[in-house]
Novice: 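Structure in structure tokens, see below.
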Amino acid sequence: MQLVLTQDMREAAVDAILAALGHAPKTMHPAAAEFGDTPLSNIAAMCGQTGSASNTDRRYVVSRGISTGDFGSIVAGAAHTFAVRRYEKSASHLAFTGTIEAKDFRPVDIADISIATTLQQVGELGEVQPGRVTMNNASTGHLLNYANNLIFSRELVINDQDSLVQTALVAYGAAAAKTEAKLVYAALRENPSLSDGMPVFHAEFGNLLTGPFSGVALSAALSALRRGMTMQDDDMSDLDAAHLVVSSGMELACRQILFGAGLSEKIRVTATAYLPDGEWFLLPDADIQPVVSVIRLAGTKKPVRLEPQKTPVNVDGFTIRAGADLGAAMVSRHAIRGVAE
């Protein structure tokens with residue numbers, strides 16, 4: 001029997017794998033139950049029945065199905081759901097980052113836009129004064145592609161070890177989050193120069209503090225974030241602090257200081273092993289004023305990708321490429337950096 005694999009059959013197969021892993025969709029495809037309790041081998045058999053082969057022996061059909069792109073695509077589609085969830089749970093840096101879209105992998109100019117927001121009083125029939133919009137290239141950034149080809153043996157499919165396949169693929173969701181986090185923290189720490197030739201963090205801008213983190217340091221940082229100058233020389237930023245990003249060894253002490261100051265519900269703490277001991281950053285809400293942003297390929301919501309790949313001829317199994325397009329860049333100076341002496 002030869003089949004043409006329809007989109008409906010693919011969707012049913014994906015739901016069957018999800019159900020076998022204990023995560024059946026709320027709106028389960030009615031045909032998913034036809035794959036039974038051994039979805040991997042049955043899906044492989046379905047894929048092996050497409051084309052023009054005349055051998056109908058099940059072992060041959062299953063082996064043939066495993067090598068098809070259809071089988072890899074179905075497995076990747078099912079695992080992608082879990083990989084994205086793992087990415088989201090692992091990507092704590094997304095709490096304080098903005099998002100920039102890139103059309104491709106070429107460098108993208110990242111603009112820092114400031115608008116003169118001081119309203120001028122206008123009398124009856126008075127002339128409205130023009131405002132100013134200033135836009136500079138704050139920095140540049142670009143996407144990088146990260147990927148591994150994962151080869152799974154035929155035995156995993158024949159023995160219906162779907163949980164092992166899923167575990168291996170889902171792990172790359174966390175790997176993508178960690179890789180992106182490293183790029184974000186590197187962007188914060190590299191202190192690049194912006195369009196005016198000056199670094200992001202500098203004593204001249206009042207956004208660089210030295211010494212250990214304390215209640216006194218927090219008070220100075222809160223004040224500095226409000227007094228920070230915008231691109232308009234006569235305008236204060238007056239930003240609320242929303243995020244405190246700290247090195248891993250500072251987490252408990254910082255939470256205690258915020259709690260004692262009554263700010264634990266207002267300022268979110270993100271601790272990371274990717275900052276040196278004693279280093280910290282105080283940032284505003286990225287929806288109000290982004291400071292550091294992740295870069296996304298236009299049209300994609302999450303950077304994680306799982307895609308079937310051609311398996312080497314000497315390998316008995318199937319291959320899935322786990323990858324992600326990642327990038328990060330500084331956007332503005334509206335943050336406070338603390339560096340332990």
Side-chain angles (χ1 to χ4, degrees), residues 1-87 145-176 304-324:
M1 179 180 180
Q2 298 173 8
L3 297 177
V4 175
L5 207 59
T6 65
Q7 183 60 30
D8 192 59
M9 296 167 68
R10 295 172 189 272
E11 292 174 358
V14 168
D15 283 0
I17 295 176
L18 294 176
L21 295 171
H23 296 275
K26 292 182 180 179
T27 55
M28 188 82 164
H29 194 288
E34 296 177 11
F35 295 98
D37 297 327
T38 55
L40 281 186
S41 58
N42 287 333
I43 291 169
M46 177 185 70
C47 294
Q49 291 171 6
T50 62
S52 57
S54 57
N55 191 331
T56 58
D57 180 79
R58 179 175 171 82
R59 289 176 298 179
Y60 172 81
V61 172
V62 169
S63 294
R64 183 171 183 271
I66 291 171
S67 65
T68 63
D70 288 329
F71 179 77
S73 179
I74 290 169
V75 174
H80 185 263
T81 300
F82 298 100
V84 168
R85 289 179 188 172
R86 184 67 61 84
Y87 164 80
N145 178 256
Y146 298 84
N148 279 353
N149 283 338
L150 309 179
I151 299 177
F152 297 92
S153 69
R154 180 171 60 91
E155 286 75 17
L156 286 174
V157 179
I158 293 174
N159 296 326
D160 281 282
Q161 299 293 316
D162 40 49
S163 61
L164 294 180
V165 175
Q166 180 249 4
T167 298
L169 292 173
V170 168
Y172 276 83
V304 181
R305 290 197 326 275
L306 297 177
E307 303 167 327
Q309 295 293 307
K310 186 175 181 179
T311 302
V313 294
N314 60 333
V315 174
D316 190 7
F318 68 100
T319 303
I320 291 178
R321 175 168 293 178

Novice: Determine whether a donor-acceptor pair (N or O, by modelled atom type, separation under 3.5 Å) exists between the side chain of N159 and the backbone of Q161.
Specialist: no

Novice: Do M46 and E34 make a side-chain contact, defined as non-hydrogen atoms from C-beta onward lying under 4.5 Å apart?
Specialist: no

Novice: Would you say N148's side chain and A322's backbone share a donor-acceptor pair under 3.5 angstrom?
Specialist: no

Novice: Any chance you could measure I320, atom CD1, to I151, atom CD1, to the nearest 0.5 Å?
Specialist: 11.5 Å

Novice: If I take atom NZ from residue K310 and atom CZ from residue R321, how far apart are they, to the nearest 0.5 angstrom?
Specialist: 13.5 Å

Novice: Please verify the inter-ring angle class for F71 with F318; under 30° counts as parallel, over 60° as perpendicular, anything in between as tilted.
Specialist: perpendicular

Novice: How many angstroms lie between atom CD1 of I158 and atom CD1 of I66, to the nearest 0.5 angstrom?
Specialist: 5.5 Å

Novice: Side chain of T311, backbone of T319: donor and acceptor closer than 3.5 Å?
Specialist: yes

Novice: Of all the heavy-atom pairs spanning V304 and H80, show the shortest one and how long it is.
Specialist: O-NE2, 3.2 Å

Novice: Could you check if a side-chain atom of N42 sits within less than 4.5 angstrom of a side-chain atom of P39, using non-hydrogen atoms only?
Specialist: no

Novice: Might you point out which heavy atoms bring L169 and A79 nearest each other, and give the distance in Å?
Specialist: CD1-CB, 3.5 Å

Novice: Nearest heavy-atom pair of A31 and A12: which atoms, and what distance?
Specialist: CB-CB, 3.9 Å

Novice: Of all heavy-atom pairs between A20 and D162, which one has the smallest distance, and what is that distance?
Specialist: CB-OD2, 3.9 Å

Novice: Okay, side chain of R305, backbone of G323: is any donor-acceptor separation there less than 3.5 Å?
Specialist: no

Novice: Could you measure the distance from the CD atom of E155 to the CG atom of D316? Nearest 0.5 Å is fine.
Specialist: 6.5 Å

Novice: Flag the pair M9 / D70 as yes when at least one side-chain heavy-atom distance between them is below 4.5 Å, and no otherwise.
Specialist: no

Novice: Report yes if the side chains of F35 and I17 come closer than 4.5 Å at any heavy-atom pair, otherwise no.
Specialist: no

Novice: At their closest point, which heavy atom of C47 faces which heavy atom of L5, and how far apart are they?
Specialist: SG-CD2, 4.1 Å

Novice: Under 3.5 Å, side chain of D15 to main-chain N/O of A32, donor-acceptor pair present?
Specialist: no

Novice: With a 4.5 Å cut-off on side-chain heavy atoms, are F152 and V75 touching?
Specialist: no

Novice: Considering all heavy atoms of both residues, which atom of R154 and which atom of S63 are nearest to each other, and what is their separation?
Specialist: CD-OG, 3.4 Å

